[in-house]
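Keep in mind that what you see is a predicted model, and the values were worked out from it rather than measured. As the structure lists them, so they are numbered: ligands from 1, and atoms in each ligand from 1.
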Amino acid sequence: MDKYYLALLGEAGATGLAKGIYLVRKNERFFRAYKNELSHWEYFKQFKKSYLEKPTYYGLLILGLVVGLMEMRVIKKVVNKVESQALDFYYKNFEIKGRIAEIVEDEKHHFL
Ligand SMILES: [Fe+2]
Ligand SMILES: [Fe+2]
């Protein structure tokens with residue numbers, strides 16, 4: 001599948017997950033992560049559009065709400081897993097420069 005398409009859906013999902021956790025935890029850190037993920041999603045929207053963006057966002061938003069209700073240990077595990085997959089994805093598929101380098105830098109700050 002096209003890397004821009006995967007990045008678009010990945011960032012839509014990351015935005016939903018961060019928003020869901022933030023809505024439960026109301027923590028500045030999660031809010032910042034949500035704002036970052038939203039800006040990443042916006043960035044990839046200029047290359048591709050997909051009818052799966054909204055379903056992916058809402059699906060992960062619900063998952064984020066559920067994960068947000070769990071103990072911090074679980075939140076940490078889920079977030080760190082998602083972020084390390086995101087980093088692997090960018091390193092494997094993109095040249096790390098320009099906006100992609102900024103996105104990668106943001107993701108590094110999302111680890112808990
Ligand atoms: Fe992201
Ligand atoms: Fe992230």
Under 3.5 Å donor-acceptor pairs involving side-chain atoms of residues 43-53, not counting sequence neighbours:
{"unit_1": "Gln46", "atom_1": "NE2", "unit_2": "Tyr43", "atom_2": "O", "d": "3.1"}
{"unit_1": "Lys48", "atom_1": "NZ", "unit_2": "Asp2", "atom_2": "OD2", "d": "3.2"}
{"unit_1": "Ser50", "atom_1": "OG", "unit_2": "Tyr5", "atom_2": "OH", "d": "3.0"}
{"unit_1": "Ser50", "atom_1": "OG", "unit_2": "Leu52", "atom_2": "N", "d": "2.9"}
{"unit_1": "Glu53", "atom_1": "OE1", "unit_2": "Trp41", "atom_2": "NE1", "d": "2.8"}
{"unit_1": "Glu53", "atom_1": "OE2", "unit_2": "Ser50", "atom_2": "N", "d": "2.8"}

Taking distance alone, no hydrogens or angles, what donor-acceptor pairs closer than 3.5 Å link side-chain atoms of residues 27-35 to residues at least two apart or in another chain?
{"unit_1": "Asn27", "atom_1": "OD1", "unit_2": "Arg29", "atom_2": "N", "d": "2.6"}
{"unit_1": "Arg29", "atom_1": "NH2", "unit_2": "His109", "atom_2": "O", "d": "3.4"}
{"unit_1": "Arg29", "atom_1": "NH2", "unit_2": "Phe111", "atom_2": "O", "d": "2.8"}

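Remark: Lys26 pairs with no residue by the salt bridge (charged side-chain N to carboxylate O under 4.0 Å, His left out) rule, at least two apart or across chains.
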Begin with the C-alpha distance, continue with both residues' side-chain angles, and end with the deciding distance and a verdict on side-chain contact (heavy atoms from CB on, under 4.5 Å) for Lys19 and Leu65. CA-CA 8 Å; Lys19 178 77 180 278; Leu65 291 170; over 6 Å; no

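When every heavy atom of Arg25 is checked against every heavy atom of Gly68, the shortest pair comes out as NE-O, 2.9 Å.
The hydrophobic cluster containing Ile62 does not contain Leu23, counting ILVMFWY residues as joined when their side-chain heavy atoms lie under 4.5 angstrom apart, directly or transitively.
Sorted by chain and number, the protein atoms of type N, O or S within less than 2.8 Å of the Fe ion (ligand 1) are Glu11 OE1, Glu11 OE2, Glu37 OE1, His40 ND1, Glu107 OE2.
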